[in-house]
Amino acid sequence: MRRINWLGLAFLSPALVMVTLFFLLPVVLTGFFAFTNMSTATGVMGGDYLLNTSTLRALADQGLPKETLAKLEAGGYRVDEAGLAALAAATSPATADELAQLHAGAEFSDRRDMERALKDLRANAIRNTRDRKAATELFKRSILNERFSEEAAFRAALSETGTRPELSDQITEAAFTGWVWTTDNVKLLFALPSTLRYAANTLLYVTLTLAFNVGFGLFLAITTFYLPKGQGALFRAIWFLPRILPPVLYVLMWRWFTWDTGFLSTVSGYLGMSPKNWMLDTSYHAWTAVVLINGFVGASMGMIIFSSAIRAIPTSMLHASEVDGASRWQQVRWIIVPQLAWPILFITCYQTLSLLTSFEYILLATDGGPGRSTEVWSLAAYHTALSNYGGNLEYGLGASFALVLVVIGIGASLIYFRLFNFKRLITKPLIEG
Amino acid sequence: MQLDLINFTKRFGDTTVIENMSLSVHSGEMIALLGPSGCGKSTTLFAICGIHRIDEGQLMFGGKDVAHLPSQARNVGVVFQNYALYPHMTVAENIVFPLKVQKMNRTDREAMVRKYAELVRIDALLDRRPAQLSGGQQQRVALARALVRQPDFLLLDEPLANLDAKLRLEMRSEIRRLQQETGLTAILVTHDQVEAMSMCDRIALMNGGRIVQYDTPTAMYERPETAFVAGFLGNPPISFLSGSGLGLSEAQVAQYGVRPESFGPQFGSTLSGRVTFVETQGREDLFDVRLTTGEILRSIQPAGSGIRLADTVNWGVAHDKLLRFDQNGQRI
């Protein structure tokens, strides 16, 4: 029988489009951006060739000879048509004509030479110093701050400055304002000390939140299991609320709760403590808040999964353990928890992956602060690429942050698939086709 | 140890499942709670072991009221219908569990496990997990787990229901052997009258949340108090018919009960009928005979009679074995 059916594919196509557009493309683009130096400065389209003072500084750092730098910086003076026309407009056509007669096409490397040429005009000498200086500027022909849209034009202008030809490649590269392919992002990532800090923060965040999620989820599932059915369901519903609350509102409540005029400060004020921002006072406060904010939301998921897993344990087994003399605690310890091994493993794996990439609650709560003490990897990626305080959004560097997460995520998923024997789960259909 | 259940009432919400039931089990005795499904026999068992709360009445273990103690404090061993073995533990861990929760020391614990594993003959399987065992082996593990804590009572909830026919026979005698060797007082819940009759000293036959008769198997079979008891016990079942079919007419008797072994050629030839059903059971043949009145009598005969379907037979009934019931189903 033919297994491929075009109608089937047609039905599948919306899903394929969505998967490609929203799952596959971001990953591909991340990989693509990570190896460019794209930023607000470079834009994402093409670019021009422009030398400015910051480019020169960068070139100086690269070890360009001082004299070349001086040449580029100083530029020169040339008596050309454009300059003469400007002079004619500024002074008089006669002045321009005389200069043209004497010096047409002449070049002066020094400003004083150009000034002298203007001063020494016989009939129309410009004697006023201020006017002469202004006129001199009209002939200044520096490559600095001049924008070239074509590489050839820039190179031509560069050679006119008298720069040594062997240096022109380096200068042209530095002068390009568009984005280029580069592996510098990755190098930078491993060189920056802050990267290590973000990695350590992420490890701390994932470990603590995961422990809280799983532990508290388990606690809720077990305690609500022992409550009468209706009460248990009510408690679970209450604990599920944060998950259906908009994250912005949820975090806003936490901020009100911890503000220096908020609930905690007010209550602690009655006890004679001075008010403070309980969320951002120290990094310990911030971490506690981050873990609790994420944990209370995350625990609800574990709670639901564990609850149903507990209810899947045959009641006769629980009865048997009671008849065998097991107390509640012994029942939990020896009968219930061991049978939740798989759900616990599943939640742990699943939450690890989602915690690695989630930063919305931290962003809304502490925004990585105080300082950078709660800046986790994914938040750093977001800050670098999309919300940079300095204003220059470094898409390339941010993407390389994200790429590391993509690599870790794929690696972890492969390990989990193996762990859960995913192949066996998905390739053995229960109904024969 | 003597067990007394006195005026026991059990309700689930507004539904009263069992009302004012009393039951005594003598020390060392094995009794059966027998009845059709929904009659409250398992509910009674679960009330005795403490899984269900006792709403009213007393439960005396050796003269001590335990009705308000939790199951952990009652010292009963229970074998559940699905065995309820702990799937994440090995056989040895399953058996030792009741001792482990009592915090008995390790060496004593291991000695006990070995002793009871040998008693139920699974000492070779101690390292396996329940999923690796056959139904009969799981049953034995469940028995060992129930026995290892040396309970005051052994409670068995349909222990043979999940076994195949051959294993059921084997485990039937096995359970009885264990009960007799340990001298335990035991209660067996079953809907299978053969199990009840073959394994137990006495049978409490339940219907609609009441015990309708509590007697030895033989007494109950021969002298059923009601038509329900007569109909429930006996395989193949008893036939009920009116007096006219038998040619009898006695005051107060609403119906007669004739057991299959009381109807046949050896009891005369006063009743004529056609054979409407023949079932060969190897050693015996089972016949349904439709009398001229349209009523059906069952008969069980040694194999080889040569009687076939649709034959006309003239057989008789053993009048001394006839059971007589009045309008309310009470035996006269």
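Just so it is clear, the model here is predicted, and its values are computed rather than measured. Below, read A as the first sequence line, B as the second, and so on, with proteins coming before strands; counting in each chain starts at 1.
Counting heavy-atom pairs closer than 4.5 Å to chain B, the top residue among A:S321, A:P314, A:S327 is A:S321. Chosen from B:P87, B:C49, B:G50, the residue pairing most often with chain A at heavy-atom distances under 4.5 Å is B:P87.
Residue B:R74 does not touch chain A at all, counting heavy-atom pairs closer than 4.5 Å. Contact of B:L155 with chain A is not made at all, since no heavy-atom distance falls under 4.5 Å. Contacts of B:Y86 with chain A are made by both backbone and side-chain atoms, with heavy-atom separations under 4.5 Å.
Between B:E118 and B:R114, none of the side-chain N atoms (NZ, or NE/NH1/NH2) sits under 4.0 Å from a carboxylate O, so this pair counts as no salt bridge.
By the 30° and 60° cut-offs, the orientation of the rings of A:F216 relative to A:F219 is parallel.
The distance between the ring centers of A:F212 and A:F296 falls below 6.0 angstrom. Not less than 6.0 angstrom separates the ring centroid of A:F225 from the ring centroid of A:F306.
The minimum heavy-atom distance between B:L59 and B:D65, with the atom names listed, is O-OD1, 3.0 Å.
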